[in-house]
Trainee: 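Can you read through this structure? Questions will come right after.
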Protein chains: 2
Amino acid sequence: MDDVQVKKLEQIAHRKKIRAGQPIISDEEPVDFFANVISGAIKLTKTLPDGRQQIVGLLFAPDFLGRAYSKNNPYSAEAATDVEICTFPSVAFERLVGEYPGLQRRLFQHTLDELDAARDWMLLLGRKKAEEKVASFLYMQARRSLLTAGVHKGTPGAAAFELPLTRSDIADYLSLTIETVSRQLTRLKTSNVIRLNTNRLIMVPDLNRLAQAAGQESGRI
Amino acid sequence: MDDVQVKKLEQIAHRKKIRAGQPIISDEEPVDFFANVISGAIKLTKTLPDGRQQIVGLLFAPDFLGRAYSKNNPYSAEAATDVEICTFPSVAFERLVGEYPGLQRRLFQHTLDELDAARDWMLLLGRKKAEEKVASFLYMQARRSLLTAGVHKGTPGAAAFELPLTRSDIADYLSLTIETVSRQLTRLKTSNVIRLNTNRLIMVPDLNRLAQAAGQESGRI
DNA sequence: CGACATGTTGAACCTCATCAACCGACGTGG
DNA sequence: CCACGTCGGTTGATGAGGTTCAACATGTCG
């Protein structure tokens, strides 16, 4: 993205802080903005009429929130942690997208990535066991922590990070119950695949072992 | 899409017939074409190293097969029934997309729809019970049959159609076993929500009852 | 007709959900 | 300052929904 675009974006942008647990968009109301995640974690959720819930996506910085070509989001978004976002009014943003094809391309790319992630998750939801699910989630977070921390700041093959979700959110993400999440975490702990410093701080001594517990061959990034 | 575009598309297109069960693209080989589905059903699958499989998408006419901006498909595609597709070599197609922004927009739209569908399915995979899953699948097919049949050719609120998948594929789509699929079908049959003429021919006397069995309020299209 | 694929049905087992009790941390009001 | 409720999390006992294993039915094709 060149300087001109960045400038124009900044002109229409508006920063916003949101407390953990606060709703950001609802599946029942039209949405009139797009947003960039600056910090924190946002969960996208779907809910059955009787209240059963599923988290269908997680957004971290520098992810993008918003649905092109439609005001009707088929899901809700809620701050999972305290969140900072940078919003753009739909109208202005869409005009900008029209002017800069490169921007549309980026949005498209991003959507393709989200689709890939969603399909990966379908495999997890449908075919993995509870322990594999929890391990997969931890593995995903561990890799994310390595990326955001820049180059490795610890032993290679190891990782340490803070969970961005409560047990309840993890359960909704993995289609489990909080109890099962808790049990599987202690299982992974007692088998020395992970170490739990506090409830939220995770230490992974050997990423390959975690990947194996997750059911995916250790190879893939 | 205007006439010029259609003409250009036809120039680079190439028709192809594929027998049920034949692979179309593999997650291990790069893909060098895009395709339109003319007839039949294509399943997109993901597989765990140990063989557990999940269908992450179904394509029918006039759906689109192919991944923009990347040669590496993270999934495999296989003909679920006998299939007819219309392929376009990647190079020529991408050049065309570059020339006609409207075409890119359409691809984008299509990807957004796929993403919505994937997330809907995540809710189903994670939170629905076996009977709701099977009913949801049938409901989806029933609505599709109504759309493709044009205006209603039978009693309003009813539908009849042929299943495009074997029990085994349905199981892989819903994350169940063939046995469970079979049992739930007979349950729905004995409770008169559906009628099974042959193994593949389904009759739905009351779509609302089916929608209810699917766990979604009857309202939505 | 036999062989093979597809589908159904039954019985036993297992994973995970459910219900319930408990713990520690935190904040609030008396 | 302490009792209290609340929230997030852990642990245990029990049971149900689905898987697994196995037998059987049905249909199709050479």
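Note on naming: letters A, B, ... go to the chains in the order of the sequence lines (proteins, then strands), and numbering restarts at 1 for each one.
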Trainee: Can you confirm whether more than 12 heavy atoms, excluding those of A:H110, are under 6.0 Å from its NE2 atom?
Mentor: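 Yes, enclosed.
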Trainee: Do A:R52 and A:D50 meet the salt-bridge criterion of a basic N to acidic O distance under 4.0 Å?
Mentor: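 So A:D50 pairs with A:R52 through a salt bridge.
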Trainee: Any donor and acceptor pair, going by atom type alone, linking the side chain of A:R127 with main-chain N or O of B:Q53 inside 3.5 Å?
Mentor: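 Side chain of A:R127 to backbone of B:Q53, a donor-acceptor pair under 3.5 Å: yes, one is there.
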Trainee: So if I take every side-chain heavy atom of A:A130 and compare against D:dT11, C:dC16, C:dT9, which nucleotide ends up nearest?
Mentor: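 The answer is C:dC16.
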Trainee: Taking atom P of D:dT26 as reference, at what distance in whole Å does atom CG of B:L196 sit?
Mentor: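 Atom CG in B:L196 sits about 15 Å away from atom P in D:dT26.
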Trainee: In terms of side-chain geometry, is the basic nitrogen of A:K46 or B:D120 positioned less than 4.0 Å from the acidic oxygen of its partner?
Mentor: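 Yes, this pair counts.
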Trainee: Separation of B:R127 atom CZ from C:dC16 atom P, in whole Å?
Mentor: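 It is 13 Å, rounded to the nearest whole Å.
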Trainee: Measure the distance from CG on B:L188 to P on C:dT8 and round it to the nearest whole Å.
Mentor: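 Answer to the nearest Å: 12 Å.
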Trainee: Could you check how far NZ of B:K189 sits from P of C:dG7, rounded to whole Å?
Mentor: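 Atom NZ in B:K189 sits about 13 Å away from atom P in C:dG7.
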Trainee: If you measure from the Lys or Arg side-chain nitrogens to the Asp or Glu carboxylate oxygens, is any gap between A:D172 and A:K43 under 4.0 Å?
Mentor: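 So A:D172 does not pair with A:K43 through a salt bridge.
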Trainee: Counting just side-chain N and O atoms, does A:N199 come under 4.0 Å of either OP1 or OP2 of C:dG24?
Mentor: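 Negative; the distance criterion is not met.
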Trainee: Just one of A:L163, A:V193, A:V204 clears the side chain to side chain contact (heavy atoms under 4.5 Å, CB included) bar with A:L138, so which one?
Mentor: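 Passing option: A:L163.
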Trainee: Across the strands shown, which category fits B:L176 at heavy-atom distances under 4.0 angstrom: base, sugar-phosphate, nothing?
Mentor: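 Sugar-phosphate: the residue B:L176, judged by heavy atoms under 4.0 Å, touches backbone atoms but no base.
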Trainee: Rounding to an integer number of Å, can you tell me how far B:Q184 CD sits from D:dT19 P?
Mentor: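 Rounded to whole Å, this separation is 9 Å.
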Trainee: Report yes if a side-chain nitrogen or oxygen of B:R200 is closer than 4.0 Å to either non-bridging phosphate oxygen (OP1 or OP2) of C:dT6; otherwise report no.
Mentor: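 No.
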Trainee: If the helix axis at each end comes from five base pairs, how far does the helix from C:dC1-D:dG30 to C:dG30-D:dC1 deviate from straight, to 10°?
Mentor: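 Computed from the C1' atoms at both ends, the axes differ by 20°.
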Trainee: Can a salt bridge be assigned to the pair B:R119 and A:E114 using a cut-off of 4.0 Å between side-chain N and carboxylate O?
Mentor: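 Yes, this pair counts.
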Trainee: Would you indicate, yes or no, if D:dT11 has its OP1 or OP2 atom less than 4.0 angstrom from a side-chain nitrogen or oxygen of A:T186?
Mentor: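 Yes, such a contact exists.
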Trainee: For A:R52 and C:dA17, give me the distance from atom CZ to atom P, rounded to whole Å.
Mentor: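 It works out to 13 Å between those atoms.
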Trainee: Counting only side-chain N and O atoms of A:T180, is one of them less than 4.0 Å from OP1 or OP2 of C:dA17?
Mentor: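 Yes.
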Trainee: Whether the side chain of A:R183 and the base of C:dT18 hold a donor-acceptor pair under 3.5 Å is what I'd like checked.
Mentor: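 Present.
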Trainee: Mind checking B:S175 for me? I need base, sugar-phosphate or nothing, with any heavy atom below 4.0 Å counting as a touch.
Mentor: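 The answer is sugar-phosphate, as B:S175 gets under 4.0 Å only of primed atoms, P, OP1 or OP2.
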Trainee: Does the C:dC16 base have a donor-acceptor partner in the side chain of A:E131 within less than 3.5 Å?
Mentor: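 No.
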Trainee: Does a nitrogen or oxygen in the side chain of B:S168 sit under 4.0 Å from OP1 or OP2 of C:dT6?
Mentor: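 For C:dT6, OP1/OP2 do not have a side-chain N/O of B:S168 under 4.0 Å.
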Trainee: Tell me what B:L185 touches on the nucleic acid: a base, only sugar-phosphate, or nothing, going by heavy atoms under 4.0 Å.
Mentor: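 Nothing: the residue B:L185, judged by heavy atoms under 4.0 Å, touches no strand.
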Trainee: In whole angstrom, give the distance that lies between atom CD1 of B:I178 and atom C1' of D:dT19.
Mentor: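 So the CD1-C1' distance, B:I178 to D:dT19, works out to 11 Å.
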Trainee: Rounded to whole Å, how long is the line connecting atom CG of B:D169 with atom C1' of C:dA5?
Mentor: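 Taking atom C1' of C:dA5 as the reference, CG of B:D169 is at 13 Å.
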Trainee: Does B:E179 get its side chain close enough to the base of D:dC21, under 3.5 Å, for a donor-acceptor pair?
Mentor: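 Pair found.
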Trainee: For B:T166, report the nucleic acid contact type (base, sugar-phosphate, nothing); a contact means any heavy atom under 4.0 Å.
Mentor: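 The answer is sugar-phosphate, as B:T166 gets under 4.0 Å only of primed atoms, P, OP1 or OP2.
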Trainee: Spell out, as yes or no, whether a donor-acceptor pair under 3.5 Å connects the side chain of A:W121 to the backbone of A:Y173.
Mentor: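 Yes.
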